[in-house]
Amino acid sequence: MNSLERFYATIERRPVDRPAAWLGMPDIKSQPALYEYYGVNSLHELKLAIGDDFYSVEVPYRSPNADAIYAAFDWYMDGNTDSENRTLTADGCFKDAEELEDLDFFEWPDPEKFIDKEECRRRVDMAPADKAAIGMIWCCHFQDACASFGMQTALMNMIANPEIYKAVDDKIVDFYLKANEIFYEATKGRLNAVLIGNDMGSQRGPMISPAMAEEFVMPGCRKLVEQAHSYGLKVIYHSCGSIVEIIPRLIEAGVDAIHPIQALAAGMDAGNLKEKFDGRISFCGGVDTQNLLVNGTPEEVKAKVKELREIFPTGLIISPSHEAIMPDIPPANVKALFEEATRL
């Protein structure tokens with residue numbers, strides 16, 4: 001099997017020679033050490049050298065105050081969205097909004113102005129034909145809505161003023177649907193999967209109840225999943241933390257795989273997920289980035305990957321349990337992960 005064939009077989013829970021494996025997106029501060037360790041000079045070269053079955057592609061979004069699509073909204077009205085140090089908890093520009101007309105002052109960005117279609121094609125064309133090209137489109141409408149009010153106010157509005165919360169969420173979802181269409185049309189036939197998601201989990205359980213997730217998050221999720229599927233793309237849905245109680249709703253929405261199955265969060269261990277959801281959905285992640293990859297030895301990392309492969313001979317894309325490789329993870333442990341994951 002080549003990487004692309006292996007990706008489709010893994011995510012569709014068919015027999016594989018070995019599970020597909022994904023590096024994720026190394027944080028910019030962790031890249032120099034990885035480049036030196038692997039003897040490469042760029043992220044493109046690293047992706048090819050490491051044994052990754054995927055080739056990740058970021059949407060090229062550039063506006064006067066944002067350098068990433070996940071930081072497109074100027075919720076603080078200061079001209080700087082700061083994609084590196086954003087917070088959901090600070091008061092956003094809608095913190096005092098009580099009526100729908102209180103939202104009218106905000107100038108919603110038009111993605112048509114800030115996404116370069118030629119750059120979309122160029123980035124996807126860098127992916128080797130035998131790799132699974134995955135678009136990192138995010139579409140984190142729950143997190144964006146929380147930032148627009150400030151998280152405490154947003155969650156209170158779900159109960160006390162749901163109309164105004166939904167009005168903001170609808171505008172955010174519409175932005176992402178338009179942005180995605182631009183990206184999908186520009187890369188048609190070259191993209192295989194997308195990663196979207198919202199961080200709904202804490203270490204111990206969901207931040208909102210499954211019923212609230214159904215009312216306030218799943219409508220947007222369904223639209224985004226349906227759009228991706230209409231282009232023939234697999235959808236990997238991201239949420240950090242413990243979301244065991246919400247996974248059935250993601251299954252109903254048509255999500256193809258759950259990412260990153262945060263290994264130490266309550267109920268998110270691979271054995272429990274296999275028992276509860278075997279045959280109903282696939283997963284991506286599982287190799288703990290909170291302790292194991294940071295403090296463990298290469299031998300311990302290999303043992304964990306071997307265990308994951310035994311639990312999920314297919315249906316699990318082996319990957320770190322966070323999409324970003326942070327600087328505290330030794331490159332030797334990244335190598336150990338891939339050596340065991342790619343072993344035939």
Side-chain angles (χ1 to χ4, degrees), residues 1 3 5-24 52-54 132 134 193 195-206 210 213 218 221 225 234-293 296 300-323 333 336-344:
M1 282 183 164
S3 292
E5 294 166 338
R6 189 175 295 117
F7 159 68
Y8 280 117
T10 301
I11 204 167
E12 293 171 359
R13 300 179 294 282
R14 294 186 277 110
V16 288
D17 57 347
R18 63 164 178 83
W22 182 35
L23 173 64
D52 202 332
D53 289 307
F54 290 76
I134 178 170
L195 186 139
I196 68 175
N198 292 280
D199 286 341
M200 294 182 281
S202 72
Q203 194 76 8
R204 294 180 291 180
M218 297 314 300
C221 171
V225 171
K234 297 292 188 183
V235 176
I236 300 174
Y237 195 93
H238 167 91
S239 176
C240 290
S242 174
I243 59 164
V244 179
E245 298 173 62
I246 296 174
I247 288 175
R249 287 168 168 79
L250 295 172
I251 293 172
E252 292 167 4
V255 168
D256 297 292
I258 302 293
H259 174 272
I261 61 171
Q262 189 171 315
L264 300 186
M268 297 300 290
D269 58 284
N272 186 53
L273 296 175
K274 173 81 168 182
E275 180 181 346
K276 289 183 180 297
F277 304 111
D278 189 28
R280 299 172 61 196
I281 195 167
S282 296
F283 296 94
C284 176
V287 185
D288 169 41
T289 56
Q290 290 180 283
N291 182 46
L292 176 61
L293 282 175
E300 289 170 331
V301 173
K302 287 185 177 183
K304 173 52 69 174
V305 174
K306 182 177 180 181
E307 176 189 322
L308 291 171
R309 290 185 59 169
E310 289 171 353
I311 295 170
F312 280 100
T314 188
L316 172 64
I317 298 164
I318 303 292
S319 185
S321 67
H322 192 277
E323 81 283 352
N333 281 351
L337 187 162
F338 274 87
E339 282 182 348
E340 187 61 34
T342 59
R343 179 180 52 79
L344 294 174

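Along the sequence shown, residues carry numbers from 1.
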Exercise for review: Any chance you could lay out the side-chain contact (heavy atoms from CB on, under 4.5 Å) test for Glu5 and Val16, step after step, and finish with the verdict?
Suggested key: CA-CA 9 Å; Glu5 294 166 338; Val16 288; over 6 Å; no
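- No donor-acceptor pair closer than 3.5 Å links the side chain of Ser319 to the backbone N or O of Ala21.
- Residue pairs meeting the salt bridge (charged side-chain N to carboxylate O under 4.0 Å, His left out) criterion with at least one partner in residues 7-20, sequence neighbours excluded, are Arg6-Asp17, Glu12-Arg14, Glu12-Lys234, Arg18-Asp53.
- When all heavy atoms are compared, the tightest approach of Met268 to Ile261 is CE-CA, 3.9 Å.
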**Study point:** Working for side-chain contact (heavy atoms from CB on, under 4.5 Å), residues Ile318 and Val287
**Key:** CA-CA 7 Å; Ile318 303 292; Val287 185; 4.1 Å; yes
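- For the side-chain hydrogen bond (donor to acceptor under 3.5 Å, both in side chains) test, no residue two or more places apart in sequence or in another chain qualifies with Ser239.
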Practice item. Test side-chain contact (heavy atoms from CB on, under 4.5 Å) on Leu316 and Thr10 and set out the steps. Key: CA-CA 6 Å; Leu316 172 64; Thr10 301; 5.7 Å; no
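- Judged as a salt bridge (charged side-chain N to carboxylate O under 4.0 Å, His left out), the pairs with a partner in residues 304-314 (not counting sequence neighbours) are, in order, Lys304-Glu307.
- Residues Asp199 and His238 have side chains that bring a donor and an acceptor to within less than 3.5 angstrom of each other.
- Under the ring pair (Phe, Tyr, Trp, His ring centres under 6.0 Å) criterion, Phe277 pairs with no residue, sequence neighbours left out.
- Remark: the backbone N or O of Gly267 is paired with a side-chain donor or acceptor of Asn272 at under 3.5 angstrom.
- Judged by distance alone, the side chain of Asn198 and the main-chain N or O of Met200 form no donor-acceptor pair under 3.5 Å.
- Phe54 is linked by a ring pair (Phe, Tyr, Trp, His ring centres under 6.0 Å) to Phe7, Trp22, counting only residues two or more places apart in sequence or in another chain.
- From Ile11, atom CD1 reaches atom CD1 of Ile317 across 4.5 Å, with rounding to the nearest 0.5 Å.
- A 4.5 Å side-chain heavy-atom check between Ile251 and Val255 finds every atom pair outside the cut-off.
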Practice item. Would you sort out whether Ile258 and Leu273 count as a side-chain contact (heavy atoms from CB on, under 4.5 Å), showing the intermediate values? Key: CA-CA 10 Å; Ile258 302 293; Leu273 296 175; over 6 Å; no
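- Annotation: salt bridge (charged side-chain N to carboxylate O under 4.0 Å, His left out) contacts involving residues 274-285, sequence neighbours excluded, comprise Lys274-Asp278.
- Counting only heavy atoms from C-beta outward, the side chains of Leu195 and His259 approach each other to under 4.5 Å.
- Tyr237 is not listed as a side-chain neighbour of Asp256, based on a closest heavy-atom distance of 4.5 Å or more.
- A donor-acceptor pair is defined here as one N or O able to donate and one able to accept, closer than 3.5 Å; such a pair exists between the side chain of Asn333 and the backbone of Leu293.
- Side chain of Ser321 to backbone of Gln262: no donor-acceptor contact under 3.5 angstrom is found.
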